[in-house]
Amino acid sequence: MYTAGWSTHNPTGQLTNQQVPYLTYIVWDYLDQPYEAARNLAYAAAFVLLVVILVIQLGVRALVWKSSGFGRHNN
């Protein structure tokens, strides 16, 4: 995720008509900007990344837990 860089192509879903930076690029580049709005955007992007990573991690843990049999009650 960190080394993704800048995308020179639009996403396949055509959500926008401009180039789209990765969230890691926004955090890396905008945090050093002298503008408060840019720094706020960097913090917001970092928060979104943390939430996405947390959701993925919890989802994988739930799948592993369920498939390993710990989710079943043994009597």
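One is the number of the first residue; the rest follow in order along the sequence. Since the structure is predicted, the reported quantities are computational estimates derived from the model, not experimental observations.
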task: Spell out, yes or no, whether L41 and V48 are grouped together once hydrophobic residues are joined by side-chain heavy atoms under 4.5 Å, including indirect joins.
output: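 Yes.
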message: Membership question, hydrophobic clusters at under 4.5 Å side-chain separation (ILVMFWY): are L31 and L50 in the same one?
response: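 Per the 4.5 Å side-chain linkage, L50 and L31 are not co-clustered.
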Residues that, via side-chain heavy atoms closer than 4.5 angstrom, fall in one hydrophobic cluster with L54: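 In the cluster with L54 are L58.
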field: Contact summary for Q33 and R39, nearest pair of heavy atoms
entry: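 Here Q33 and R39 meet closest at O-NH1, 3.1 Å.
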field: Heavy-atom side-chain contact between Y43 and V27 under 4.5 Å
entry: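 A side-chain contact under 4.5 Å is absent here.
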